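Every number for a ligand or one of its atoms is a count from 1 in the order of the listing. Nothing fancy with the numbering, it's 1 onward along the sequence. Note that this is a predicted model, so its numbers are computed, not measured.
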Amino acid sequence: MSDDRQTVFSGLQPTGNIHIGNYLGALVNWVKLQDEYDTIYCVVDLHAITVGYDPAEYQKERLEAAKMLMACGIDPNRSLFYFQSQVPQHAELSWILGTMTPTGVLNRMTQYKEKAEAAGANLGLYSYPVLMAADILLYRANLVPVGDDQRQHLEMTRDLAERFNNRFGEVFPIPDALIPEKSARVMSLADPTSKMSKSHANEKSRVLLLDSPDVIRKKIKSAVTDSEPTVRYDWNAKPGISNLLEIMSGCTGRSIDDLAAEYETAGYGAFKEAVAESVANKLAPVRSAYQSLDDAEVARLMQKGALDARTRAEGFQQEIRKVTGLSAP
Ligand code: ATP
Ligand code: LTN
């Protein structure tokens with residue numbers, strides 16, 4: 001499947017609750033890029049076990065995540081799409097890259113610091129960004145569509161690629177992050193100063209891709225805002241309203257200035273109604289696509305994806321083993 005197009009790689013953790021932040025920050029781009037690039041998308045199930053989980057539940061959640069991504073428009077006929085754990089080359093490259101990663105760099109990773117505080121530290125959580133670098137570099141990816149929160153991990157990936165190339169020769173292209181101009185960091189509806197997150201306990205803090213229009217309306221209506229009733233884009237003074245403007249802009253394609261001008265004096269109630277409607281409209285096709293997908297077919301497609309990905313990864317693995325002195329004797 002390798003050809004002269006540039007390669008795109010990205011991953012999503014199968015931790016349930018895929019939300020409008022994941023969608024606008026990353027998945028919309030994943031889908032678009034399929035038209036022009038050699039696209040590889042991965043449900044990163046090894047990454048997600050760095051926090052506690054139940055194996056039987058997890059088996060279901062992984063399939064659910066794959067199904068949601070297909071409903072969003074990831075097309076296994078156009079993208080290589082599979083579960084990370086089914087392609088062991090990710091883990092081997094992660095080990096090799098780990099030997100070149102200064103612990104000082106890992107100590108500075110903000111996601112690690114946050115998650116270690118919340119879930120307890122472990123070695124997997126600590127080396128999480130090294131496995132992410134391996135995911136990307138394994139396929140010589142050029143472009144990585146992600147939300148703003150992954151900026152630091154991408155910088156580390158670029159540094160590791162350079163470090164590897166300096167030591168072993170020009171093996172890896174230096175990958176670029178593709179971060180959308182707007183909605184790259186959708187904030188929590190319950191606390192607009194922190195990122196909308198899958199794992200937050202408050203379910204009202206996020207809109208899920210399968211939420212009904214009614215649930216969407218309720219969640220947006222209860223979104224935390226402020227007491228000055230003007231709709232204006234100002235992250236310092238009005239983070240809640242600015243977040244809703246970003247979400248609406250992401251869902252409608254209209255500019256934030258345009259929306260702020262239209263709703264400036266409409267009142268928060270009417271503005272929130274309009275935001276909710278734009279979100280419900282944007283997600284309607286995802287909901288209906290999801291309903292028409294069959295679990296057994298999704299599982300079959302993921303098996304096939306893993307086979308194809310393994311074939312491709314094996315070729316790259318041989319090259320990496322060769323330059324690092326690890327080929328078969
Ligand atoms: P958690 O929310 O529990 O921290 P996560 O959603 O960040 O997990 P992933 O599911 O792997 O973890 O993220 C998938 C993609 O969604 C990534 O590219 C990430 O940058 C993006 N993303 C996650 N949260 C947001 C957000 N609030 N706004 C924009 N993009 C986001
Ligand atoms: N760390 C990412 C998920 C992820 C990823 C990747 C993204 C794992 N491997 C490779 C892009 C490329 C996250 O937490 N959102």
Side-chain angles (χ1 to χ4, degrees), residues 7-31 33 39-51 53 61-62 64-66 68-69 72 74 82-85 87 90-91 93-94 97 109-115 118-119 124-125 127-139 141-158 160-161 175-202 205-209 243 246-247 250:
T7 298
V8 168
F9 184 97
S10 200
L12 173 128
Q13 302 185 72
T15 33
N17 300 330
I18 301 181
H19 52 67
I20 188 83
N22 301 126
Y23 188 66
L24 297 176
L27 302 178
V28 168
N29 270 338
W30 290 26
V31 172
L33 291 162
T39 40
I40 307 177
Y41 298 127
C42 191
V43 175
V44 290
D45 51 0
L46 293 177
H47 274 109
I49 61 168
T50 51
V51 294
Y53 73 105
E61 278 193 65
R62 291 188 327 161
E64 181 64 20
M68 279 303 311
L69 291 181
C72 289
I74 300 307
Y82 63 97
F83 292 117
Q84 182 189 38
S85 61
V87 178
H90 291 250
L93 182 55
S94 176
L97 294 175
M109 292 291 132
T110 44
Q111 183 172 302
Y112 169 70
K113 287 192 259 185
E114 283 166 16
K115 292 210 172 170
L125 203 55
S127 63
Y128 177 114
V130 183
L131 179 59
M132 174 163 162
D135 297 340
I136 296 166
L137 299 180
L138 179 61
Y139 298 95
N142 308 97
L143 211 53
V144 185
V146 282
D148 179 75
D149 61 318
Q150 296 303 308
R151 230 176 250 284
Q152 194 184 28
H153 288 164
L154 247 298
E155 271 313 308
M156 200 196 100
T157 303
R158 290 164 60 88
L160 270 177
D176 285 313
L178 183 74
I179 297 172
E181 267 170 39
K182 55 190 177 200
S183 329
R185 191 177 187 81
V186 174
M187 305 307 270
S188 157
L189 298 178
D191 169 14
T193 59
S194 64
K195 179 181 96 103
M196 184 179 286
S197 162
K198 287 170 169 170
S199 38
H200 198 280
N202 183 352
S205 69
R206 57 188 166 252
V207 171
L208 303 183
L209 301 193
N243 191 34
E246 289 247 0
I247 292 174

Please examine the side chains of [Y] and [X], heavy atoms only from C-beta on, and report whether any two atoms are closer than 4.5 Å.
X: Asp45; Y: Glu61; answer: no
X: Arg158; Y: Pro175; answer: yes
X: Ser199; Y: Thr15; answer: no
X: Pro180; Y: Asn29; answer: yes
X: His47; Y: Asp135; answer: yes
X: Asn142; Y: Asp176; answer: no
X: His200; Y: Ser194; answer: no

Heavy atom of the protein closest to [atom] (residue, atom name, distance):
atom: atom 23 (C) of ligand 1; answer: Asn22 ND2, 3.1 Å
atom: atom 11 (O) of ligand 1; answer: Gln13 N, 3.0 Å
atom: atom 9 (P) of ligand 1; answer: Lys198 NZ, 3.6 Å
atom: atom 30 (N) of ligand 1; answer: Gly21 O, 3.1 Å
atom: atom 15 (C) of ligand 1; answer: Ala26 CB, 3.8 Å
atom: atom 20 (O) of ligand 1; answer: Asp149 OD1, 2.5 Å
atom: atom 3 (O) of ligand 1; answer: Ser199 OG, 2.8 Å

Carefully, step by step, assess Gln111 and Gln150 under the rule side chain to side chain contact (heavy atoms under 4.5 Å, CB included).
-> CA-CA 9 Å; Gln111 183 172 302; Gln150 296 303 308; 3.2 Å; yes
On a heavy-atom basis, I'd like to know which of [options] is closest to [atom].
atom: atom 1 (P) of ligand 1; options: Ser197, Ala65, Ala177; answer: Ser197
atom: atom 5 (P) of ligand 1; options: Lys195, Arg206, Met187; answer: Lys195
atom: atom 26 (C) of ligand 1; options: Thr15, Asn29, Val186; answer: Val186

Take Val31 and Ile74 through the test side chain to side chain contact (heavy atoms under 4.5 Å, CB included) and record every step on the way to the result.
-> CA-CA 6 Å; Val31 172; Ile74 300 307; 3.9 Å; yes
Is it the side chain (CB and beyond), the backbone, both or neither of Met196 that lies under 4.0 Å from ligand 1, heavy atoms counted?
-> both
Side chain, backbone, both or neither: Ala184 near ligand 1, heavy atoms under 4.0 Å | backbone
What are the atoms of ligand 1, with element, lying closer than 4.0 Å to any heavy atom of Gly25?
-> 29 (C), 30 (N)
Per-atom filter on ligand 1: closer than 4.0 angstrom to a heavy atom of Gln150 are 20 (O)
The answer, listing residues by chain and number that come under 4.0 Å of ligand 2 through any heavy atom, is Phe9, Ser10, Gly11, Gln13, Val44, His47, Gln111, Tyr128, Met132, Asp135, Ile136, Val144, Val146, Gln150
Polar-atom distance check: Pro145 versus ligand 1, any N or O pair below 3.5 Å?
-> no
Taking both backbone and side-chain atoms of Leu12, is any N or O found less than 3.5 Å from an N or O belonging to ligand 1?
-> no
Val146, Val44, Leu27 screened by side-chain contact (heavy atoms from CB on, under 4.5 Å) with Leu12, the one that passes | Leu27
Any chance you could lay out the side chain to side chain contact (heavy atoms under 4.5 Å, CB included) test for Val87 and Tyr82, step after step, and finish with the verdict?
-> CA-CA 9 Å; Val87 178; Tyr82 63 97; 3.5 Å; yes
Full working for side chain to side chain contact (heavy atoms under 4.5 Å, CB included) between Ile179 and Arg185 = CA-CA 10 Å; Ile179 297 172; Arg185 191 177 187 81; over 6 Å; no
Would you please determine whether His200 falls within less than 4.0 Å of ligand 1 on a heavy-atom basis?
-> no
Does Lys198 use its side chain to pair, donor to acceptor, with the backbone of Gln13 at less than 3.5 Å?
-> yes
Once the angle between the rings of Phe9 and His90 is folded into 0 to 90°, is it parallel (under 30°), tilted (30 to 60°) or perpendicular (over 60°)?
-> tilted
